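Right, one structure below, let's go through it.
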Amino acid sequence: MNVWFAVPSKRRLESTRPVFAEWARTGYKVAVMIDPGDPEPDVDMVIRAPYAGYSRSVNALAHAILRHDGAAQWIVTGGDDTYPDRTKEAQDIAIECYEHFGKST
């Protein structure tokens with residue numbers, strides 16, 4: 001079971017690097033949408049597309065994740081300056097989601 005953090009990003013790599021690394025450290029796979037020509041962050045998935053708004057960007061990332069990863073169960077989002085809950089691993093959050101919402105699909 002994979003839990004993904006999906007977010008559009010326009011900030012400099014030196015600003016986002018620690019944020020994305022923390023998501024990965026806590027067990028999330030990280031998917032980022034960036035503008036064509038922007039430097040590529042070191043994450044699990046990068047989509048290059050002109051920014052079309054937050055919701056469209058996150059929806060495009062979610063569709064790409066679900067096409068790419070058959071083990072994806074939960075997708076969370078935030079901002080490219082948002083850190084995960086450092087007291088819980090991604091799998092802990094997934095279990096809480098299952099308990100609260102039931103199946104992910």
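Predicted, not measured: the structure shown is a model, and the values here were computed from it.
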[Y] side chain reached by [X] side chain, heavy atoms, under 4.5 Å:
X: L66; Y: I75; value: yes
X: M33; Y: Y51; value: no
X: V3; Y: Q73; value: no
X: I47; Y: L61; value: yes
X: H63; Y: R67; value: yes
X: P50; Y: P36; value: yes
X: V46; Y: P41; value: yes
X: V32; Y: P8; value: no

Please answer whether the main-chain N or O of A31 pairs with a side-chain N or O of D44 as donor and acceptor at a distance below 3.5 Å. no
Under 3.5 Å: donor-acceptor pair, side chain of T82, backbone of G78: no
Can you tell me how far [atom2] of [Y] sits from [atom1] of [X], rounded to the nearest 0.5 angstrom?
X: D92; Y: E89; atom1: CG; atom2: CD; value: 6.5 Å
X: K88; Y: T26; atom1: NZ; atom2: OG1; value: 12.5 Å
X: C97; Y: Q91; atom1: SG; atom2: CD; value: 11.0 Å
X: R48; Y: D38; atom1: CZ; atom2: CG; value: 7.0 Å
X: D35; Y: K10; atom1: CG; atom2: NZ; value: 4.0 Å

Same hydrophobic cluster for V58 and M45, using side-chain heavy-atom links shorter than 4.5 Å among ILVMFWY? no
Are F101 and I93 connected in a single hydrophobic cluster, I mean Ile/Leu/Val/Met/Phe/Trp/Tyr linked by side-chain heavy atoms less than 4.5 Å apart? yes
How close do [X] and [Y] get, heavy atom to heavy atom, and via which atoms?
X: S9; Y: D80; result: OG-OD2, 2.8 Å
X: I65; Y: A72; result: CG2-CB, 3.8 Å
X: A24; Y: V30; result: N-CG2, 4.2 Å

When you look at CG of D81, are more than 12 heavy atoms from neighbouring residues, nucleotides or ligands closer to it than 6.0 Å? yes
Check whether Y83 forms a cation-pi arrangement with R86 (NZ or CZ under 6.0 Å from the six-membered ring centre, at most 45° off the ring normal). yes
So among R17, R11, R12, which one has a salt bridge (Lys or Arg N to Asp or Glu O under 4.0 Å) with E14? R12
I'd like to check the side-chain hydrogen bond (donor to acceptor under 3.5 Å, both in side chains) partners of T87; sequence neighbours left out, ordered by chain and number. D85
In terms of side-chain geometry, is the basic nitrogen of K29 or D69 positioned less than 4.0 Å from the acidic oxygen of its partner? no
Would you call the rings of F5 and F20 parallel, tilted or perpendicular, taking 30° and 60° as the class edges? tilted
Taken in chain and number order and not counting sequence neighbours, the residues that satisfy ring-ring contact (aromatic ring centres under 6.0 Å, His included) with Y28 are W23
